[in-house]
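Atoms within each ligand, like the ligands themselves, are counted from 1 in listed order.
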Amino acid sequence: MTPARAPAVAAFDAGRLRAQFPILAQQVNGKPLVYLDNAATTQKPVAVIEAIASYYREINSNVHRGAHALSDRATSAFEGARDAVCRFINSPSREQVIWTRGTTESINLVAATFARSRLRAGDEILVSGLAHHSNIVPWQLAAEAAGAKVVSIPVTDDARLDLEAFARLLGERTRLVALEHVSNAMGTVHPVERIIAMAHAAGVPVLLDGAQAVGHMPVDVQALDCDFYAFSGHKMFGPTGIGVLYGKREWLESMPPWQGGGEMIETVSFEGTRYAALPYRFEAGTPHIAGAVGLGAAIEWLAGIDRAAATAHEDALLAHALELARELPGFRLVGSAPHKVAVLSFLLEGGHPQDVGTLLDQQGVAVRTGHHCAQPLMARFGVPGTIRASFSLYNTHAEVEGLFAALHKVRSFL
Ligand code: PLP
């Protein structure tokens, strides 16, 4: 975070970028839309919308199966998108990139295969105290089946993970550590390299939930040395319903299959079935081909963005928001980690978050309110929920001002 905003704005023209996002040009409740719910889902540039439309218009067909031209073209587009993901996260091989419906399904896959096949009674899975429910409940399901336990990693007052407590919790019973790269509810960016090194020193593999990281920063799974990395296309300007699980080859090869069906087999007979090689053994059924193509297009689109400049721009938006927050009576920030993405989670004295959200919506400002699928974290801060404004690279300083002008109006109603 830097308070100086002028240089970043000059280097990164969010205003021009917005022209590629047709949805942002509309009015909501008679006011220009100010879309600040990017942590829930990002909007899609024309390049992504067109890639999906032209897939259906020109090459729609099932993949890997047809002895015809359309199927070949669909297969090339689908597998080409896998190659794009492979480069995007710097996976050592395309076989380690598994298509899923999104982060939730990726984590469930690991919980149902990797965790269930290894967990024994008394074992522990350490899970971030800031975790999204989709990085808690799958582990609880796996633990319950084995008589194992899910243990939360404590959270500091400024919404960081307490690494001293983490070091104490890491022990002989720990079978896995699961944490988010970036917190959805408060924006905290965890020192994941350090956490992974600590876990590995204790012989424990780590799953990173990258849902909130991929839209804000480049990700290199080899540099991170994570064992698994899960993310969703829709949080990084791609479509909904498509996501990725990356895993280290040694783990993926040792994991039993999850869902059974077509695509994931080598041969089937009633005497027994041989499963396909990676990545197909974890991809039963007809995949979301258009989704993969759309995600490939989002990756290509992102490749044309100066990501360092985008990050500086987002940081400047957050700094600007924090500056304006100082002048808003009754504003209380929840989650003030020194290293965070542009997420402003807050309360407004005297206003229930849901009411504040509704009043903002009436002024065209879209934010998220509630527990943000992180109820344990809300409990940690003693609040039922917050108001969350989450920024993306296409947001502008005028929109930050619009948010605060709207909040001042909300205050006058309270
Ligand atoms: N993890 C985090 C940190 C998230 O923010 C989200 C969605 O908000 C998820 C997991 C779940 O992602 P999806 O609903 O795309 O599976």
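Close contacts of ligand 1 with Asn184, meaning ligand atoms under 4.0 Å from a residue heavy atom, involve 3 (C), 5 (O). Shown in contact with Ser134 at under 4.0 Å from a heavy atom are these atoms of ligand 1, numbered in order with element: 1 (N), 9 (C), 10 (C), 11 (C). Of all atoms in ligand 1, numbered sequentially from 1 with element shown, those under 4.0 Å from a heavy atom of Ser232 are 12 (O), 13 (P), 15 (O), 16 (O). Set against the non-hydrogen atoms of Thr104, the atoms of ligand 1 under 4.0 Å away are 11 (C), 12 (O), 13 (P), 14 (O), 16 (O).
Protein heavy atom in closest approach to atom 5 (O) of ligand 1: Gln212 NE2, 2.7 Å. Looking only at protein heavy atoms, the nearest one to atom 4 (C) of ligand 1 is His132 CD2, 3.3 Å. Remark: minimum distance from atom 2 (C) of ligand 1 to any protein heavy atom is reached at Asp209 OD2, 3.3 Å.
At a heavy-atom cutoff of 4.0 Å, ligand 1 is contacted by both the backbone and the side chain of Thr103. At a 4.0 Å heavy-atom cut-off, ligand 1 does not touch Glu105 at all.
Ring centroids of His64 and Tyr280 are separated by less than 6.0 Å, placing the two rings close together. Ring centroids of His133 and His371 are separated by less than 6.0 Å, placing the two rings close together. Here the two rings, on Trp258 and Phe282, have centers that are 6.0 Å apart or farther. A distance of 6.0 Å or more separates the ring centres of Phe88 and Trp301.
At least one N/O-N/O distance between Lys235 and ligand 1 falls below 3.5 Å.
Using modelled atom types and a 3.5 Å distance limit, the side chains of Gln354 and Thr369 yield no donor-acceptor pair.
Remark: Glu79 engages Arg94 in a salt bridge, criterion side-chain N to carboxylate O under 4.0 Å.
A 4.5 Å side-chain heavy-atom check between Val356 and Leu407 finds at least one atom pair inside the cut-off.
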